[in-house]
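Working notes for the structure below.
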Amino acid sequence: MTAAATVMDGLPEPARGRAMGVIILGLTLAVLDTSIVNLALPDIARELHMNAAQSVWVVNAYQLAILVSLLPLAAIGERIGYRRVYRAGMLLFALTSIAAMLAPDKTALIGARALQGLGAAGVMAVNSALVRLIYPASRLGRGMALNSLVVATAAMAGPTVAAVILSVASWPWLFALNLPLGLLAWYRAAQVLPRNPPSATPASHFSVLDVLLNGGMFTLMFLGSSELTQQGGSMHANPLLGWGLLAAGLAVGTVHVRRQWHRAVPLLPVDLLRIPIFALSMGSSIGAFCAQMLSFLALPFLLLQVHGQSHMQAGLLITAWPLATACVAPIAGRLIGRYHDGLLGGLGMLVFAGGLLALSFMPLHATSGDIAWRMALAGGGFALFQSPNNHTIVSSAPLHRSGGASGMLGTARLTGQTLGAVVLAALFTLHPGHDGGAESLALLVAAGCAILAGVCSSLRARPTHG
């Protein structure tokens, strides 16, 4: 079967392997660039005459562009083909990497990073939809587990790759590999990725206003969350502004949802949320990523300021989390189909919550081994949840709505992470000073979120939800 052929139940080998090779390459580049510049922010700020707050926008511009673009690009993928959106995103990502590399000032760099994020969104928005077309239904769980493995590995590798490059070259070279590898993915995608199957359902229609409301909703929430999370370390943070931006985002979101509610194929996939198992899976995902973000933000404070770890020691200890995720994800993929996704996800969140509780009640003079096994328990539990949950989200949507389901995967992740950042900001406001109280409470709240996510996941195993 060639890429031009209609895909009804996946691609045969070796076409499947070639197609997944392109998916893995594109996803690795997109995820890697989320964190690869973090280590270089001080150098970038110094060379381009930026203050600390401005330098953070080298990262924020990329993330915000992804957030506001995921659902519109997923909807476009359902209309013109996932492969076209993937290739356009990959080409834009590769070319704007050169613009970032050659940026003469801060405005040009931040603008290039925003365009990079738009390109990365094209890859991420249709990624899971393409995996659904590449794998037969009986093996889709393994494809989703491979996706989870790639994301975990790329996220873990970002700081390491950056350290290697910065040891021999300056920060612009962080973007250098994106051009040849991105162009390779763009070229090969035309040869090996499948086309969308024909659909009897009318193509989705959305107006410019829908796109603006979608962008406004996520932008306001992102900005509000960013403002609130600066409270712990910035004298210039304005909590009232942060909460005001969040309130404005909710108001815009209310208008957006009301416009989408009765549409057959809406830009914001509220039609998929009417499917009980899909809605439970989305609730599980938001709760899990809220817990994850709460933990990721609180743990550096806990390790550095309470346990007296150095930055190097803290970084190595936290690495145990994504390393365990990368190890458990393939195992989770093999369990999909043998056991109900809801039960696997519920068990994963139970293990995840156990790891978070263990971190919260960790003794003050815990050894590195004591800290590492707690990190690994949390990371392994999260991996046992993520692959089955992603599998349910993608497979429970009608085939012609795979794009909407794929976009919702990324949206649930970013929504949960934003919620986690807001909750941590509120906890730091209630418990100022990093004496361990707010951090330990944050881990307890994160464990509670994980338990709620596990309950939502387990409810999917009831006979009424298939």
Side-chain angles (χ1 to χ4, degrees), residues 63-82 84-85 89 117-118 121-122 124-129 132 196 199-225 245-287 289-290 389-390 392-419 422 456 465:
Q63 295 177 329
L64 181 57
I66 293 175
L67 180 60
V68 302
S69 305
L70 276 175
L71 292 178
L73 289 174
I76 291 172
E78 290 181 347
R79 297 185 64 172
I80 69 172
Y82 306 132
R84 288 181 177 177
V85 172
L118 179 60
M124 294 180 178
V126 299
N127 172 72
S128 298
R132 187 177 186 181
N196 292 33
S199 173
T201 304
S204 57
H205 296 281
F206 54 89
S207 66
V208 174
L209 179 58
D210 291 330
V211 176
L212 291 176
L213 288 171
N214 181 81
M217 174 180 68
F218 286 118
T219 298
L220 289 167
M221 290 183 175
F222 182 91
L223 293 176
S225 173
L245 288 169
L246 285 176
L250 289 173
V252 173
T254 300
V255 175
H256 186 38
V257 170
R258 289 175 65 89
R259 281 178 55 84
Q260 302 293 305
W261 193 255
H262 297 292
R263 298 186 181 181
V265 188
L267 170 65
L268 182 67
V270 290
D271 59 318
L272 297 180
L273 293 175
R274 298 189 185 104
I275 303 172
I277 194 170
F278 186 93
L280 285 170
S281 301
M282 287 294 294
S284 297
S285 188
I286 291 172
F289 280 107
C290 177
N389 194 68
N390 290 355
T392 298
I393 289 175
V394 172
S395 62
S396 62
L399 187 60
H400 72 277
R401 292 293 279 140
S402 295
S406 182
M408 286 293 269
L409 267 177
T411 302
R413 172 174 58 86
L414 293 166
T415 300
Q417 289 172 345
T418 299
L419 181 59
V422 170
C456 287
H465 292 136

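Sequence neighbours left out, not one pair with a member in residues 248-257 passes side chain to side chain donor-acceptor pair (under 3.5 Å). Residue pairs that meet the salt bridge (charged side-chain N to carboxylate O under 4.0 Å, His left out) test with at least one member in residues 248-262, sequence neighbours left out, are Asp210-Arg259. Annotation: side chain to side chain donor-acceptor pair (under 3.5 Å) contacts involving residues 264-279, sequence neighbours excluded, comprise Asp271-Arg401.
Between the side chain of Asn196 and the backbone N or O of His400 there is no donor-acceptor pair closer than 3.5 Å. Remark: side-chain polar atoms of Ser406 are paired, donor with acceptor, to backbone N or O of Ser128 under 3.5 angstrom. Side-chain atoms of Gln260 do not come within 3.5 Å of backbone N or O of Pro266 as any donor-acceptor pair.
Atom CG in Leu250 sits 9.5 Å away from atom CE in Met217 (nearest 0.5 Å). One distance of note links CG of Asn389 with OG of Ser285; it measures 5.5 Å at 0.5 Å rounding. Ile275 contributes atom CD1, which lies 11.5 Å from atom CD1 of Ile393 (distance to the nearest 0.5 angstrom). Remark: Met408 CE to Ile286 CD1 distance equals 7.5 Å, nearest 0.5 Å.
With sequence neighbours left out, Asn390 forms a side-chain hydrogen bond (donor to acceptor under 3.5 Å, both in side chains) with no residue at all. Evaluation of the side-chain hydrogen bond (donor to acceptor under 3.5 Å, both in side chains) rule for Thr392 yields Asp341 as partners, not counting sequence neighbours. Annotation: ring pair (Phe, Tyr, Trp, His ring centres under 6.0 Å) contacts of Phe278 (sequence neighbours excluded): none. Annotation: side-chain contact (heavy atoms from CB on, under 4.5 Å) contacts of Leu223 (sequence neighbours excluded): Trp57, Thr219, Leu245. Qualifying side-chain contact (heavy atoms from CB on, under 4.5 Å) partners for Ala65, counting only residues two or more places apart in sequence or in other chains: none. Evaluation of the side-chain hydrogen bond (donor to acceptor under 3.5 Å, both in side chains) rule for Thr411 yields no partner, not counting sequence neighbours. Residues forming a salt bridge (Lys or Arg N to Asp or Glu O under 4.0 Å) with Arg84 (at least two apart in sequence, or on another chain): none. For Ser281, the side-chain hydrogen bond (donor to acceptor under 3.5 Å, both in side chains) partners at least two apart in sequence or on another chain are Arg460. Considering only residues two or more places apart in sequence or on other chains, Ala125 meets the side-chain contact (heavy atoms from CB on, under 4.5 Å) condition with Leu70, Leu73, Ala74.
For the pair Gln63 and Gln417, the minimum side-chain heavy-atom distance is 4.5 Å or more.
Annotation for Pro72 and Ser69: closest pair CD-O, 3.4 Å, computed over non-hydrogen atoms. Heavy atoms only, all atoms of each residue included: Ser402 and Arg132 are closest at OG-NH1, 3.1 Å. What you find for Ala412 and Met282 is that their closest heavy atoms are CB-CE, 3.5 Å. The minimum heavy-atom distance between Pro398 and Leu272, with the atom names listed, is CD-CD2, 3.9 Å.
When the options Val252, Leu71, Leu64, Leu213 are evaluated for a side-chain contact (heavy atoms from CB on, under 4.5 Å) with Phe218, the one that passes is Leu71.
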